> 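One structure follows; several queries about it will come next.
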Amino acid sequence: SPDQLVVTGAGDVARAFAASSARARPAVDDALGRARTEGAECEPVLAALADLLVGWGPSTALERVARVADLRDALPARGGKNGLGAAIRAARDALTGGESPLGAAALMLARAHEETWRGLLVELARRQRAAFDEAGAVDFAELLIRARDLLASDSGLRAREQSRIGGLLLDEFQDTNVLQLELTFLLAEAREGAPRPLGAEGPRGLPLEPGFLCAVGDRKQSIYDFRGADVEVFEELARAVEAGGGERRFLRVSRRAQPELVGALNGILGPILGQTPTAPWDVPFRPGEDDLQPWRPQLGPRECVERLVAVAEEDRADQRRRAEADLLARRLALLLAPDSDVHIPEGTGSRPVRGGDVAILLRSFLEVTHYTDALARHHVPHRVLRGRGIFGSPEVRDVAALLGFLTDPRNPLHLAACLRGPAVGLSDGTLVRLSLSRGRLDARVLAGALPAEALPGEAERWARFVALARRLRAGLDRRSLVDLLEDAWAGLGTRAVVAASPHGEEQLGNLEVVRELAARWDARGRPDPAAFARRLVELADRDARIDLEEVEDARGGPAVQLLTVHAAKGIEWPVVCIADLGASRPPSNGRLLVDPRNGLAFRPSVPWSTEPHPTPRSAALAEILASRELAESRRVLYVAMTRARDRLLLSGIQGRGGQRTWASWIDPVLDAPEVRSRVQRLDDAACPALPPHAPSKPAPVDPEHVRQALRRLEPVAVGALARVPFDAVGPLEGCLRRFQLRFLEGHREPGLGAAPGPPSPRHRDGRLEVLRQLLAALPGEAWRDGVPDQALAAAAGRAGLTLAEASGLRLAAPLRRLARALRGFTAEFSWAAAVPFEVQLGTATVHGRFDLTLTGPPGEAVVSLVPGGQPESPASLTVLLEALRARAGDGRQLRAALFAVDCDDEPLRWTPEAPVAPAAVEARLRAALAAGTTLAERLERRGCEALGCGFVRRCHPSDRGL
Ligand code: SF4
């Protein structure tokens, strides 16, 4: 309602109304006069309009605009004699558009929203900064802001920092932003006369030191606008460098693509990017600067670009995409067939194309199933590289949010995530109203009803969630994790909701992984929902990127890889297919438009239309955003095409997306003389479907290979290995095979290191050992003081490290966390580190060191460091307690704890009794030793990932997605 809107700048709005109605009235009066003369039928409409315009102003506008809009629409759009038609059109125009009364009413609505949004964003920034201050932490953006502000405001500090740096090399500069540009200017300021006061331009007005700065990057590969990169800063820095006497140099040699492909790419991408920028965010492609020269010899045929053109029977987007995906899959089946005539260079010769040589690049995964379905139909092995694994998927994050809310109901983010998730599905509007009605979004809102404005269906889902949350919270500490999850999923109908989504099968599988992980936690007697939720978040964060090593490993495999262009940046493949060229991304039709350089604008809902109404500001901003998006789309295409080494396949049917599709840019230039001879056009007829492969005949086997393989299976002598290191007990519990690989066969487990660590304290595999050394070198009082810098520096020095290195190698934080966890041990306890122990378990001896022992009047406590983030290992605790009992004798209180060096849990979980029977540990150990090198069955891949095992790629080489 207009009464509830807080209108700021009311004077401006009043002036806009006065001016617009003054402009509209004469036009309407003129049309009215002519209509009366003509006796036209539109005369009553015009008379009513003229009446409505009297006294038009901010207080009456919204009541009248709907009526004005109706009357305007009732006017004939054309026709009439003696100039009546033109007069009516003039009246209609005066009532519509940005500077009309209707436009002014829209402006009035938009201004209120814009002010509200600005206020919210300012408040958000203030609260974020306050939260950081409270936590003593900063995120990356805040780090940049504070560093920039510090260098800008403290000239002494700026001078000191400048004196420390003899030269500055900035790599990948196309992915930076204004903050990083300003930091660059502050550090690269011309030394003579520095530090200077900053003028109106801020740091960017500083002159640059000659011969000091080198920025490297490719503006054509700037594709991270969505996460804050700003392509304009590169040009700005380049100009400043030139103004300071520096120069631009162009790296123009392509070491990737074959000469014919380099020529084709120059010919295609030059016209697409254009030579003359029309906006600061346009990146041109200038001959002599951007076109590349080949470095490799030409080993393949001249025709290195394939344009696949399918025919769709219907003109619907999904039909076109299906036809296109089918043709692409058929073409790839032919390309990968044993008798394919396409080979790729290798060494001085060539070899057939393998699936792992091929990448299909898409702009987004929205339509990926068209392609995976087609590949499956034509028997082409493939895998989708999503970049976020199971734990980063929305359904698993929802589980973490639900458990987070149940265990910490004050956290508004957890509750918001639960309520917005698909199972409850509250709209943002309802969430905001709910939050405003209670002043905060936390568990207290569950005591009330939903606001009256809630959308249909929301009240029932809300009531169901409230009842379920109460029941789950009431039994939280008495239930297993699996029981809790099953109850929650049943109560929310999660499985049904997930199954109905386009990737339902995969998402249900992800929920099963979570269930398996929860079952394992339950089996270990640790049904702690809060810790489990934290573990899920930790696994999701670890999962965030595509594993480049995995991509490299898959090269030799049979599976074609599908990934987004953004994920493919920096990688290359012999054969690249760019699919879905006909897709267009319509410009955003959202109400709120935000641009980092130009601020925000709002398109309000107006009573006279169902569509958001543009205001002059929003229209201008929308144009800028659309232009930026188009410019970036060209650069994304550049990145996609330049991933190819030997062959490029272009696939997609031009649809109705007009000039916004890649096909509309590519197809016209394929006919250019320098490109045409390098392009092969393939249609449906050229790519018939292959029959399914007949099973291939097994190759003859060399008997010597069999003998060698059998020798590897001979059991090793158990007696010699019956001394087992303590570090082996944890892996023994999770997976026998892991124990065998690490401790019987001596393989290095990626991420953990081999049993004997490398000598350098800086080596990633030596981290646990160095932590143990530091722990031994720290005196008892340093522990009680929380490991101060001075004590840590002395201990690090003995290990050959500086204090800064110890922090950088993530050694300081775990030690300080451990010190905080041990705060309760007073001076009456004596501390000792690296105390050796041996304990007999049946036929085997487990040997190791207590990393830390604390001996006091009531008894003894030991702490052992374990790698990674999972402190739970009942077998390890059992062994520690057995060893401690043998050492301490009877009658003393004993307890043991494991300290996972990468787990954020602050308190140590002390265990006074062996959590499992020593006989069970012994039996497991005996089974592993008896198996020798006959490797135990591997676990399911999901189970291995949940364990965080480093051998996943060894045990499950390339079966994902096949
Ligand atoms: S990857 Fe799986 S099967 Fe292989 S060792 Fe690790 S946990 Fe065991």
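Computed from a predicted structure; not experimentally measured. First listed ligand is number 1; within each ligand, the first listed atom is number 1.
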> With atoms numbered from 1 as shown, which atoms in ligand 1 lie under 4.0 angstrom from a non-hydrogen atom of Val952?
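Every atom of ligand 1 under 4.0 Å from some heavy atom of Val952: 1 (S).
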> So if I count the atoms of ligand 1 from 1 in the order they appear, which ones are less than 4.0 Å from some heavy atom of Cys735?
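So the answer, numbered in order with elements, is 3 (S), 5 (S), 7 (S), 8 (Fe).
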> Can you confirm whether Leu880 sits close enough to Val839 that some side-chain heavy atom of one is under 4.5 Å from a side-chain heavy atom of the other?
no
> Give the atoms of ligand 1, by number and element, whose distance to some non-hydrogen atom of Arg737 is under 4.0 Å.
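Near Arg737, meaning under 4.0 Å from one of its heavy atoms, ligand 1 has 3 (S), 4 (Fe).
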> Which of the atoms of ligand 1 are close to Leu939, meaning less than 4.0 Å from one of its heavy atoms?
3 (S)
> In Å and rounded to the nearest 0.5 Å, what is the CD1 to CG distance from Ile360 to Leu375?
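Those atoms lie 4.5 Å apart.
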> Please evaluate residues Arg645 and Asp357 with respect to the criterion salt bridge (Lys or Arg N to Asp or Glu O under 4.0 Å), reporting the C-alpha separation (whole Å), side-chain torsions for both, the decisive distance (0.1 Å), and the verdict.
CA-CA 10 Å; Arg645 249 172 41 194; Asp357 296 323; over 6 Å; no
> For atom 6 (Fe) of ligand 1, what is the closest protein heavy atom, and at what distance to 0.1 Å?
Cys949 SG, 2.3 Å
> Could you check whether atom CD of Glu940 has more than 12 heavy atoms from other residues, nucleotides or ligands sitting under 6.0 Å from it?
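Incorrect, the count does not exceed 12.
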> Within 2.8 Å of atom 4 (Fe) of ligand 1, is there any N, O or S atom belonging to Cys955?
yes
> Would you say Arg887 and Phe850 make side-chain contact, with heavy atoms under 4.5 Å?
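They are in side-chain contact.
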> Could Asp487 and Arg479 be called an ion pair, given the rule that one side-chain N must be under 4.0 Å from one carboxylate O?
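A salt bridge is present here (some side-chain N lies under 4.0 Å from a carboxylate O).
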> Closer than 4.0 Å to some heavy atom of Arg938 - which atoms of ligand 1 meet that?
3 (S)
> If the cut-off is 2.8 Å, does any N/O/S atom of Cys944 fall short of it from atom 2 (Fe) of ligand 1?
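Here the distance criterion (N, O or S atom, under 2.8 Å) is met by Cys944, so yes.
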